[in-house]
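Below is one structure, written out as structure tokens; the observations come after it.
Computed from heavy atoms alone, side chains included, the values below leave out hydrogens, waters and symmetry copies.
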Amino acid sequence: MALKTLSAFLLAAAAAVRAQNLTQLTFAGVNIAGFDFGCGTDGTCDITQVDPPLLQLGGSDGLGEMQHFVKDDGYNVFRLPVGWQYLTYNQSTSVLNETQFANYNMLVSACLSTGAHCEIDIHNYARYDGEIIGQGGPTNEVFAALWYNIASYWKDEPNVIFGVMNEPHDLPSIPMWAETVQYAVTAIREAGATTQIILLPGDNYTSAETFVSGGSAEALNMVVNPDGTKTNLIMDVHKYLDYDNSGTHAACVTNNIADAWYPLSTWLRENGRQALNTETGGGDVVSCVGYISQQIGYQAANADVILGYLGWAAGSFATNYILSQTPYYNNSVWTDQLLVALAMSPNTNMLVVGSVNMTEAAWAFD
């Protein structure tokens, strides 16, 4: 589909949304990566590879990116990945290193200054240096203490979201992992962060497609607040659109509706739960614009149980990274990547609370 044809289609779809007054998603945003660089899926993190997305630390202009995303695109949430090893300066402990934590807090503060919600994401794949938390690696008590210390700092900040862990995978016991998550939830609440959203991640890289069938949903449904409620305990899911769901290929081949979002939204509604898609994306190709538009449209039609989506990724990623959503900056002007501009920007799709109408001129392509 040519860009002119596709853009005309999306403009018509947005007009239909306005005419039908459909429910809108609560959140849309982007991952602002860099403090997680050097972290592998085995839970190792080479902190010498960290590239903070902060000008004051010699990195990219993460604040400028976020200000642009809020002002020009209508985004209202950012995920801020960071390695456990970075925060504790390579110590398998709960004690936050003062200097390292202050550096990371610069990014959180920059995010909060935009008025957006900001997710603290420990990017360790349920592991520390290859050992699974609560299942041979760091104990649940150490992990809980880490989260207690983190949450204590932002306990009075309503726009902070606590992402317990990025992409657990190959867990020997999902019920035991749910117990680990329970330790973290209890610690966060006991630290005084009693009302903020906490995201509960499942197995298989917290895949939306296997969240129910793989047993994560059932196990995590037992996690509760200290008072026994499940208020603001939100399921954390990821879903890419390439052929192997790895998020490593430019082309998209599916909208994920039949295999992932329909079964997940059905389970969420039946069990009175909600989910947030904190990683999704694709290359800057027409196939991804089309399929991601369909995915977001389905999520908006089920916005009672699916709160929104965050693209992967901007921050310190180069603009030519295969899934880059880092905007270009030239002559004091930010310009979005194709996928953001044509599909993921709330001001384009108008499927997110607070998004504004785009003028038809914005859809003109040669």
Side-chain angles (χ1 to χ4, degrees), residues 25-37 50-57 59-84 86-87 96 100-124 146-147 149-166 184-185 188-189 191-201 232-234 236 238 274 276-280 307-317 325-327 344 346 352-354:
L25 295 162
T26 302
F27 293 118
V30 187
N31 284 261
I32 305 298
F35 276 106
D36 58 310
F37 284 11
V50 165
D51 186 7
L54 292 163
L55 291 176
Q56 60 265 51
L57 294 180
S60 58
D61 187 6
L63 173 58
E65 292 179 28
M66 290 186 284
Q67 289 172 333
H68 155 70
F69 283 132
V70 170
K71 176 178 179 290
D72 300 324
D73 290 308
Y75 283 123
N76 60 12
V77 62
F78 299 102
R79 185 171 180 250
L80 312 175
V82 63
W84 182 346
Y86 184 84
L87 293 177
L96 301 171
Q100 304 289 93
F101 184 74
N103 289 344
Y104 178 66
N105 185 41
M106 291 182 196
L107 182 62
V108 180
S109 297
C111 177
L112 291 170
S113 74
T114 70
H117 280 71
C118 307
E119 180 192 340
I120 312 302
D121 161 51
I122 303 300
H123 213 76
N124 276 71
L146 175 73
W147 269 114
N149 293 337
I150 292 171
S152 294
Y153 192 85
W154 290 296
K155 62 185 175 63
D156 297 320
E157 178 48 67
N159 278 6
V160 163
I161 295 171
F162 299 106
V164 168
M165 179 57 61
N166 175 68
V185 167
I188 291 168
R189 296 301 189 218
T194 57
T195 60
Q196 292 93 332
I197 290 173
I198 302 176
L199 299 175
L200 314 182
N232 282 337
L233 301 183
I234 305 300
D236 187 2
H238 293 175
Q274 295 177 313
L276 180 62
N277 182 16
T278 59
E279 276 192 34
T280 191
L307 295 181
Y309 59 89
L310 288 91
W312 183 268
S316 292
F317 277 114
Q325 297 191 6
T326 304
M344 302 191 77
V352 182
V353 172

Polar side-chain atom of Gln274 near backbone of Leu307 as donor-acceptor pair, under 3.5 Å
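Absent.
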Any chance you could lay out the side-chain contact (heavy atoms from CB on, under 4.5 Å) test for Val77 and Leu310, step after step, and finish with the verdict?
CA-CA 8 Å; Val77 62; Leu310 288 91; 3.9 Å; yes
Run the salt bridge (Lys or Arg N to Asp or Glu O under 4.0 Å) test against Asp73 and tell me which residues pass, sequence neighbours left out.
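Not a single residue meets the salt bridge (Lys or Arg N to Asp or Glu O under 4.0 Å) criterion with Asp73.
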Partner set under salt bridge (Lys or Arg N to Asp or Glu O under 4.0 Å) for Glu65, not counting sequence neighbours
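Here no residue qualifies.
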Supply the atom-to-atom distance [X] [atom1] to [Y] [atom2], rounded to the nearest 0.5 angstrom.
X	Y	atom1	atom2	result
Tyr86	Asn103	OH	CG	3.5 Å
Ile197	Leu276	CD1	CG	7.5 Å
Ile150	Phe101	CD1	CZ	7.0 Å
Glu279	Asn166	CD	CG	5.5 Å
Gln67	Asp61	CD	CG	7.5 Å
Asp36	Asp121	CG	CG	7.5 Å

Can you name the closest pair of heavy atoms from [X] and [Y] and give their distance?
X	Y	value
Ala116	Val70	CB-CG2, 4.4 Å
Gly34	Pro53	CA-CD, 4.1 Å
Gln196	Lys155	NE2-O, 2.9 Å
Ala193	Ala151	CB-CB, 4.4 Å
Val185	Leu233	CG1-CD2, 3.9 Å
Met66	Leu107	CE-CD1, 3.9 Å

With the side chain counted from C-beta on, respond yes when [X] and [Y] share a heavy-atom pair under 4.5 Å apart, and no when they do not.
X	Y	answer
Ile198	Val164	yes
Thr114	Phe69	no
Tyr309	Thr278	no
Trp147	Ile120	yes
Ile161	Leu199	yes
Phe162	Ile122	no
Cys118	Leu80	yes
Ile32	Cys111	no

Does the separation of the ring centres of [X] and [Y] fall below 6.0 angstrom?
X	Y	result
His117	Trp154	no
Phe317	Phe37	yes
Tyr75	Phe27	no
Trp84	Tyr104	no

Suppose the criterion is salt bridge (Lys or Arg N to Asp or Glu O under 4.0 Å): which pairs have a residue in residues 110-119, not counting sequence neighbours?
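For residues 110-119: Arg79-Glu119.
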